[in-house]
*Asks:* 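Okay, here's the structure, questions in a sec.
FYI, side chains are in, hydrogens and waters are out, and symmetry mates aren't considered; it's all heavy atoms of this structure. Numbering of ligands and ligand atoms starts at 1, following listing order.
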Amino acid sequence: MKIAVVPGDGIGKEVMNAAILILEELGLNLEYEFYEAGDEALKKYGKALPDETLDACRKSPVVLFGAAGESAADVIVRLRQELDTYANVRPAKALKGIKCLYPGLDIVVVRENTECLYKGFEFELEDSAVAMRVITKKASERIARFAFELAKREGRKKVTALHKANVMRKTCGIFRDACRNVAREYTGIEFNEYYIDAACMYLVMDPYRFDVIVTTNMFGDIVSDLTAGLVGGLGIAPSANIGEKHAIFEPVHGAAFDIAGKGIANPTAMILTACMMLWRRLLKAVRPRQILAGI
Ligand code: GGG
């Protein structure tokens, strides 16, 4: 199997090297084709996501991605939209031997990946700027169903939707209603919802009340850094972007330019991300509990 490998910016290159080293040791029949993207590519080619990289990713069912820097919107956010990898699965599991705030914690954040404020519809109007938040019933139902199916597969007990429908009545209203509708199809799985702000407090004070979290794109980006912090930090947080035809596997962390090249970046997140890639091949579905079992 061919894998399109995009190390990206900053620590992306070094953590990717570590992951590939381990993958190669496993003696699997995998072929790696490396492609450039990110801030350096922007300087070199005038495009953060060069055509050659985009074409290769379009042709490859599996992409292994390192880290995005300042050009994240034009690289990883665009790639997710181009390949319609609509579900970003971000497990936050306490790992044996790693000191963390909440031993035993095992949460999965399921983040909608194709719309919301990350759609990129931003405009300047004289000395103001406007961003458009796009939330559709179709994408909301699709991500809610994905979260419930993941919960069912893994024997998880609860799905919690995070939104802010008391303020963003239209956009979050559509998301909330879609989650409520889909929840009715899954009678064996408990469903509840919190406003995103309250959820952040509960996540810090009592994260054990959460199991599977489903939320919109930007809230998911923010809250998945928070959940990573509960179990030891971004250095151990893997993720998978899943669509019908493509999957992009990338750690939750970014380029971390401040520590890049010093040989101190933790490659665990990238290695666990590569594990998610192998497990998905084997199990045909993302199963965070199985991927991180015993680790
Ligand atoms: N949260 C860690 C980080 O900086 N990730 C890179 C980034 O900004 N990615 C954009 C995204 O995940 O949507």
*Asks:* Evaluate F121 against V134 for side chain to side chain contact (heavy atoms under 4.5 Å, CB included), listing each step before the verdict.
*Replies:* CA-CA 9 Å; F121 295 155; V134 180; 3.9 Å; yes

*Asks:* With a cut-off of 4.0 Å, which atoms of ligand 1 are near a heavy atom of Y118?
*Replies:*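 Reading through ligand 1 atom by atom, the close ones are 13 (O).
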
*Asks:* Examine the side chains of R184 and N181 and answer whether a donor and an acceptor come within less than 3.5 Å of each other.
*Replies:*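 Checked: R184/N181 side chains pair up, N/O donor to acceptor below 3.5 Å.
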
*Asks:* Check the orientation of Y195 and H163. Use parallel for under 30°, tilted for 30 to 60°, and perpendicular for over 60°.
*Replies:*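 Plane angle over 60°, so perpendicular.
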
*Asks:* Tell me, which protein residue and heavy-atom name are nearest atom 6 (C) of ligand 1, and how many Å apart are they?
*Replies:*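 Minimum-distance protein heavy atom for atom 6 (C) of ligand 1 reads G254 CA, 3.7 Å.
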
*Asks:* To which protein heavy atom is atom 12 (O) of ligand 1 closest, and what is the distance rounded to 0.1 Å?
*Replies:*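 Answer, as residue, atom name and distance: R80 NH2, 2.9 Å.
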
*Asks:* Please report which non-hydrogen protein atom sits nearest to atom 2 (C) of ligand 1, along with the residue it belongs to and the distance in Å to one decimal place.
*Replies:*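 Result: V252 O, 3.3 Å.
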
*Asks:* Less than 3.5 Å apart, any donor N or O on the side chain of R111 or T216 sitting next to an acceptor on the other?
*Replies:*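 Per modelled atom types, R111 and T216 side chains form no pair under 3.5 Å.
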
*Asks:* Can you find a non-hydrogen atom of R111 under 4.0 Å from ligand 1?
*Replies:*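 The answer is yes: ligand 1 sits under 4.0 Å from a heavy atom of R111.
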
*Asks:* Restricting to non-hydrogen atoms, name the atom on V110 and the atom on I143 that form the minimum distance, rounded to 0.1 Å.
*Replies:*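 For V110 and I143, the tightest heavy-atom pair comes out as CG1-CD1, 3.7 Å.
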
*Asks:* Between A256, A72, A255, which one has a non-hydrogen atom sitting closest to atom 7 (C) of ligand 1?
*Replies:*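 Minimum heavy-atom distance to atom 7 (C) of ligand 1 goes to A72.
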
*Asks:* Could you list the atoms of ligand 1 found under 4.0 angstrom from a heavy atom of V77?
*Replies:*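 Contacts of ligand 1 toward V77, numbered from 1: 13 (O).
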
*Asks:* Going by atom types only, do T136 and E115 share a side-chain donor-acceptor pair under 3.5 Å?
*Replies:*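 On atom types as modelled, these side chains qualify, holding a pair under 3.5 Å.
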
*Asks:* Looking at ligand 1, does any of its N/O atoms fall within less than 3.5 Å of an N/O of D225?
*Replies:*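 Yes: some nitrogen or oxygen of D225 is under 3.5 Å from one in ligand 1.
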
*Asks:* Is there a donor-acceptor pair under 3.5 Å between the side chain of N241 and the backbone N or O of I248?
*Replies:*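 Confirmed, N241 side chain pairs with I248 backbone.
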
*Asks:* Does at least one non-hydrogen atom of E250 fall below 4.0 angstrom from an atom of ligand 1?
*Replies:*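 E250: no contact with ligand 1 (<4.0 Å).
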
*Asks:* Would you say R90 touches ligand 1, if touching means a heavy atom closer than 4.0 Å?
*Replies:*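 The answer is yes: ligand 1 sits under 4.0 Å from a heavy atom of R90.
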
